[in-house]
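What follows is one structure encoded as structure tokens, with my remarks underneath.
Just so you know, ligand 1 is whichever comes first in the structure, and atom 1 is the first atom listed for that ligand. Model, not experiment: these values are computed from the prediction.
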Amino acid sequence: MIQQVHSHPDIYRIRVDLPDNPLQYLNSYVIKGVSGNLVIDTGFNRPECKRALCQGLQELDIRLQSDTSLFITHLHADHSGLVGLFAATGCPVYMHPVDYQYLVDSEDGSTWKAAEDNFMREGMPLAEIKTQFSNQARTFSPDPHFPVNPVHDGDCLHLAGCDLQVIHTPGHTPGLCCLYLPKEEVFFTSDHILFNITPNIQVWYHMKQALQRYLESLQKVRELPVRLALPGHREGDTSIAGRIDEIVAHHDRRLAEICHLAGLYPHSTAYDIAPHMTWSMRGKQWKDFPPTQKWFALGETLAHIEYLVDHGVLCCREEQGCRHYDLVRTET
Ligand SMILES: [Zn+2]
Ligand SMILES: [Zn+2]
């Protein structure tokens, strides 16, 4: 399903449904220029997404050849999964090198293994970790063997007849990049800013302080003049500052909630704390969460715990290979 979201330049959204995924669908954006086109993000590497994306491109009369470029905003498989389609036909692919390297490192399973070992130290039972082996992010990930044009913060790309500014906003992933059209004040926010759901913040073994970095990245773009914000999932908006303030307030509430729980349940693991947090899973209780959601929820809990430890609010003690957390008691 395609929808035109902007004229001059002509920008379209291809809705790529993500079956059995709470995100529902990915927005793949297409800037259709006279002498070239730009596609931003692809959907998972699975037949349903491929069909939706290819049908959208066909309706827009866009052929995958060297005058069509692909910009991958970040490494997540729902955004990068179908890069192989583009790379195979010689389309230039743009991506931040940090996220590209992560894709390469993921190929032999070592990054997943590192995350599993970490989650085990945070109290997640092995049986639950094993249920993750079939999660969509792994099953539908891209083939990372594609030539990449690395992009960095502040780069200006001239693609599809437009001047696009690359804005590196680490947090959701280490290398997430948004794209900005300064003249038109159109902002492709990817998963950095979402409007109907809150972007997930995880812990990363090669990026310390993901939440701190994320909050900084929100402030980095808060004053950007924006007339149209186009997110990676769900619907967009005509401004971002108000939404950024809401997201910051959401994380403040989460941090306060973890402090409260750490006081209530001393010496807990992150896995002990996570079930007591407020999750918006359509009224479901922790025990009924699908395994993938537990994985993301524990990661999100950990990102907040990491922030609190770094700010001296919580302390961590490792016993028998498992980490336990307590409030730091200050002498009065
Ligand atoms: Zn993402
Ligand atoms: Zn996403």
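When the Zn ion (ligand 1) is compared with the N/O/S atoms of His172, atom NE2 turns out nearest. For Asp191, the N, O or S atom with the smallest separation from the Zn ion (ligand 2) is OD2. Atom OD2 is the N, O or S atom of Asp78 at the shortest distance from the Zn ion (ligand 2).
Put simply, His233 gets within reach of the Zn ion (ligand 2), with an N, O or S atom under 2.8 Å from it. Here His76 meets the criterion, with an N, O or S atom under 2.8 Å of the Zn ion (ligand 1).
Side-chain contact check for Asp78 and His233: at least one donor-acceptor pair (N or O, by modelled atom type) lies under 3.5 Å. Side chain to side chain, Glu128 and Tyr271 meet the donor-acceptor criterion of an N or O pair below 3.5 Å.
Between Phe289 and Trp286, the two ring planes are tilted [angle within 30° to 60°].
Side chains of Tyr325 and Leu261 form no contact here, defined as non-hydrogen atoms less than 4.5 Å apart. A heavy-atom distance below 4.5 Å is found between the side chains of Leu179 and Leu38.
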